Student: 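Please read through the structure below; I'll follow up with questions.
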There are 2 protein chains.
Amino acid sequence: MKDHRLINGKEVQQRLLTGLRAEVDALAATCPVGRLVSISIGPSPEVAVYVRGQARGAVAAGIPFDEQVWPADISQEEAKRRIVALNDSRDVAGIILQRPVPAHIHVRSLQSAIHPLKDVEGMNPASIGNIVYNDVALAPCTAAAAVELLRSTGLELKGLEVVMIGHSEIVGKPVAFLLMAEGATVTVCHHMTRNLAMHSRRADAVVVAVGKAHLIGADMIKPGAAVIDIGINQVTDADGKTRITGDVDTEAVKEVAGWITPVPGGVGPVTVAILMRNALAAHRRQMAAGWLDH
Amino acid sequence: MKDHRLINGKEVQQRLLTGLRAEVDALAATCPVGRLVSISIGPSPEVAVYVRGQARGAVAAGIPFDEQVWPADISQEEAKRRIVALNDSRDVAGIILQRPVPAHIHVRSLQSAIHPLKDVEGMNPASIGNIVYNDVALAPCTAAAAVELLRSTGLELKGLEVVMIGHSEIVGKPVAFLLMAEGATVTVCHHMTRNLAMHSRRADAVVVAVGKAHLIGADMIKPGAAVIDIGINQVTDADGKTRITGDVDTEAVKEVAGWITPVPGGVGPVTVAILMRNALAAHRRQMAAGWLDH
């Protein structure tokens, strides 16, 4: 039997992609959406898994996906030069720099070479600053996916008491701003928080992005609350097999929570859909800025 | 008798300015700090009061202060052109655009014309984004002043439970990021928050920036907590006289709080000192970026 407390990330993904597809198709005759360029530096099986998911999402949204694998020994300068060339390419709608990158590459510096209008991952400081100013068009994908999943519960975000656990630059803080922009009252907790359970137990919704398997147990969640689990942890079971799990003890917490996202199958698929939404938004911003005029 | 619960903003200001003066003097022989340019558009008595305070702060810090009043009917284009010229002037360390401006001027657009390296008010989206990335060199002045006043209490910011009331782009949200960067657990409340007193009463420190006189009463503060009042409200007393008051009922709350900033005389003077600190920081960043090389 289907467990209605578990939010199906795949379904939310499909709904978003179907909507995007209609918008992308509507633009085809006048100003078609350009390529979404994925850059992997060096071969990596773990990166390849993500890229495959993104490629499938792009197909579903109708956005051309250009998967590039650059040499593992490429220099920072050459990588930057190539990114600048992509910035200047009229037929490139957006650029994703896949991580991890080899140790000799300075990833933050490389990301900031991506023009804000093509920054579909929302990683540029200017993009982050725009979120603070409530201009949320190009928000970091994982953070926007968490908000989309919370919205899918039907809960009114305005006035919602949300506790964000984790204060990273690319997830925790952007989730906090995005939810503030929706009118939620947000508390950001982290490893220096004195009494995490005091906060999590009073929350209408808990969003977790820490990277510790089973950090959040059933005793830390208010009955009926929504729990969005952004964590991705690899754990080894007693029989030696490895599997992926989130930051939440899903089996235990779903007996208490009103809604909970599974890992895998929760935030991950929705993040791919948000990436496509950002690519379309980037395309529209380039149109508005006159970049695509003939 | 002196009331030790009231934090003296003027004393904090003087301490900061004295420290800055030593740094500014030390640079004089090798790479002197350039002008801090204040731009007022049209004459305005209320703006003039602020500018006078800034001019005094600049003298105390040893930073040249260039007070410019541009015509009230200047066009947006001409104002932008002048700002770009100041961006390109080697002897300009920083630029402040005083507010309010006449109705025909788009203030946000004009602010974003100020180069991030000269943005001493920390208003550029890129500056805000850098704060999120924990690069807090050029934070918005009022927000940084609130943090400095909280620090002056001697409270350990790491792990401190802070409730920020007000979620504006230039005060509330930057205060939240700055305090997160210090390790505090921050909750941002606002007009959509369902139970403000529940939050404020559990806080070790409450920072208020709403713009409503006497919003915060004694029953909303935990005994011994620190209260930083950023509000500036003009109220008219029964006898018809007007006076300036903050968002906190200072007389009542100081019987409960461990520390409280008065209005006026709390956040205001410290904001001026932070503006000078930002001017020095901007100068150092321009040095580091090679802008001042011969």
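Below, read A as the first sequence line, B as the second, and so on, with proteins coming before strands; counting in each chain starts at 1. All of these numbers come straight from a predicted model, not from anything done at the bench.
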Student: Sort by residue number and list every member of residues 155-168 of chain A having a non-hydrogen atom under 4.5 Å from chain B.
Tutor: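 A:K158, A:G159, A:L160, A:E161, A:H167 fall under the 4.5 Å cut-off.
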Student: Which bit of B:A176 is near chain A, if near means a heavy-atom gap under 4.5 Å: side chain, backbone, both or neither?
Tutor: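 Neither part.
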Student: Going by atom type alone, with no hydrogens or angles, which donor-acceptor pairs under 3.5 Å involve a side-chain atom of residues 214-222 of chain A and a protein atom two or more places apart or on another chain?
Tutor:
{"residue": "A:K222", "atom": "NZ", "partner": "A:D204", "partner atom": "OD1", "Å": "2.6"}

Student: Nearest 0.5 angstrom please: A:H199 NE2 to B:R202 CZ, how far?
Tutor: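 Separation between the atoms: 4.5 Å.
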Student: Among B:V188, B:L196, B:T193, which residue satisfies the side-chain contact (heavy atoms from CB on, under 4.5 Å) criterion with A:T185?
Tutor: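 Looking at B:V188, B:L196, B:T193, the match for A:T185 under the side-chain contact (heavy atoms from CB on, under 4.5 Å) is B:T193.
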